[in-house]
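For reference, the structure discussed in these notes is given below.
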Amino acid sequence: MKKNIIISALMLMTAGVQAQSYDITAKLDVDAKVITATETLVWRNNTNDTVNELMFHTYLNAFKNSQSTYFVERNIPFTDTVPSSDWGYIDIQRMVTSDGEPLLQDLHYVQPDDRNSADQTVMMVKLSEPILPGKEITLNITFLSKLPRIVARSGYERGDFYMVGQWFPKIGVYEPVGMRGRKTSGWNCHQYHYNSEFYADFGTYDVSITVPEKYRVGATGVLLKESTDVDGNRTYVFHADSVIDFAWAASPRFMIMNDTWKGKGIRLLYMPEHGGEAERYITALKNAMEFMEQKVGEYAYPSITVVDMPFYAAERAGAMEYPMFFTTATVRHLPSNFRISEQAVVHEFAHNYFQSVVATNEFEEAWLDEGMAAFFESEIMDKYYGDGAMINAFGIPVGVSEYYRSNYTQWPNPAIATIDNYSWKYPTHTYSLMAYSKPMVMLKSVKGMMGEDLYYQAIRDYYSRWKFKHPCTGDFVNCINKAAATSSDPDVQKGYTWFFNSMLTTDEVCDYKVTSIKNESLLSGIKGFFDDGFGKIFKNDSEETRQYRSSVFVQRMGTMVMPVEVLVTFENGDTQTFKWDGRGRCKEFAIASSQKVVSAQIDPENKNYCDINFVNNSYSLESVSSPAWKYTVKFLFWLENLFQSIAFFA
């Protein structure tokens, strides 16, 4: 394990000069539901700009009152009286420089996104002395975090479970000109929104957490030591390099299982009633670690911690990612053919590559993290668990890929919005569609069009080139096009900028349909009157060779233009593939053959996953049974709702 930590430390050195370091000492009061803490923050100006102010996220203030931007955007009225114990906030009690200069009087809250003056989730501090390029500032901060009853995956539940995320004053990201396409330098520090996750810079964290003696703690980073004091408190000390955040969970009910995969530490904290599912968590995690290493690159950190939620906290705290740490959930005695728990583990681990190491901006380009995680979730689950990777019940297998695709294609209006928007600006209830489902379908289609080898060549290049650097959409597309240019196929060589533009920046929908097949019989042989030099003779050759003039009609039903391949099958079983650029509204494929055309299939190799209606992609002159997928989709949603209900009431 020590050797592996050294290797991981060498890997993390590629992150370069980190912008910040945190040294936090925190104590949890389980009676008051309060964390008292001190924080020493060192922030380094790694740009060529002179910086005159600092901006911080004070995320817990999202739960301070009903007028915060988070609750205003949630737009759900409070029907009952909410006790004071259910609310949460963060108070900055002291902030001084290393020289002793007090800064509290220069602190004020700002609202860069919506001008909601009641929102206190972004804090600005004016500096009396600017921070010059290459210089740094050290701040000593004292703060108090009042934890809410769990909301948005932060807080406490039933007095014995604490999920502590977004809990300390966290500095924003100062972006110079050119970073992620910026035209002007400045702080990137968004408010806490109802439909958004986060964005932060890389740093080193040394965090000491003191809890009652019976409590066990799982957190970001490597656990360096544990100690107990004379007052019956237990202190856990964690260290993490090159991470963008620090989160932790605590409970006296946690059981602990330790394991390793290729020298990487695995630490599972689980509820005793979920002991029967613990090995399933570990197996799913190892599957994910193996796949991600093979297809993307080595996991950059020395360990990973997994926290299993109790039933009563799972609805609001389950399945959330942080660097080197994530939460998940299950139900007691979950049947082995229901793999929703494995699905969550795989998805959250994938985040540790794209949310944590590559570290894109989830406020502004949510798809680059959530869409990538959804794609890899589908790839991993379908590989290791096969047909019915998600649910296989009553003879109906449901894979993860199908689940995400159905969420997109079965949406009442798949053209409701475009992906390229700030996440909190998506229309109501469409965040999962725009951040997860449609991007997953898009990436699946790119893989299909490029081919698996070239696609993963691009993914490996993207991860290697952009880890610890905060890339944007354009950087990802460039890596895809770079790999595509090495193909021997001229169509692939052209790259996929056109496709990403269509899927990300427009509301176009792909739908191609085989509308009809016609076969016209043509008589062959020698028939009719012929000149013989002196007159005319009549011939009626009885040895006929029958020929057919066949037409296959394909129509573009949607607004999106895609290249189309059509596989035509003849009555003797022979096949022929035709291509169309897909630009017109309709296309007739005229075929002369001695055999009738009996069927036609659009996209026979299933390259195009974004076509919203697979049912109309085929047409046959022979009778076929009606497709049952729509019933499978309805069944899937019924099962998902049942699962959630069991988790809620258990």
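The model shown is predicted, which means the values in this text are computed figures rather than measured ones. Numbers here simply count residues along the sequence, with the first being 1. Reckoned from all heavy atoms, side chains included, excluding hydrogens, waters and symmetry mates.
- A salt bridge links D259 with K286: the closest approach of a Lys/Arg side-chain nitrogen to an acidic carboxylate oxygen falls below 4.0 angstrom.
- Judged as a side chain to side chain donor-acceptor pair (under 3.5 Å), and not counting sequence neighbours, the contacts of T47 are N45.
- Remark: K444 engages E379 in a salt bridge (Lys or Arg N to Asp or Glu O under 4.0 Å) (not counting sequence neighbours).
- A donor-acceptor contact shorter than 3.5 Å is absent between the side chain of N188 and the backbone of G172.
- Here Y89 pairs with nothing under the side chain to side chain donor-acceptor pair (under 3.5 Å) rule; sequence neighbours left out.
- By the side chain to side chain donor-acceptor pair (under 3.5 Å) test, E365 pairs with T473, sequence neighbours left out.
- With sequence neighbours excluded, no residue satisfies side chain to side chain donor-acceptor pair (under 3.5 Å) with N48.
- Among the candidates F354, F349, Y353, the single residue satisfying the ring pair (Phe, Tyr, Trp, His ring centres under 6.0 Å) test with F376 is F354.
- Under the ring pair (Phe, Tyr, Trp, His ring centres under 6.0 Å) rule, Y194 has a single partner from Y70, F63, Y431, which is Y70.
- Checked by atom type and distance alone, the side chain of W167 pairs as donor or acceptor with a backbone atom of F246 at under 3.5 Å.
- In this view, F326 satisfies the ring pair (Phe, Tyr, Trp, His ring centres under 6.0 Å) rule with no residue, not counting sequence neighbours.
- Counting all heavy atoms, side chain and backbone alike, C610 lies closest to Y408 at O-CE2, 3.8 Å.
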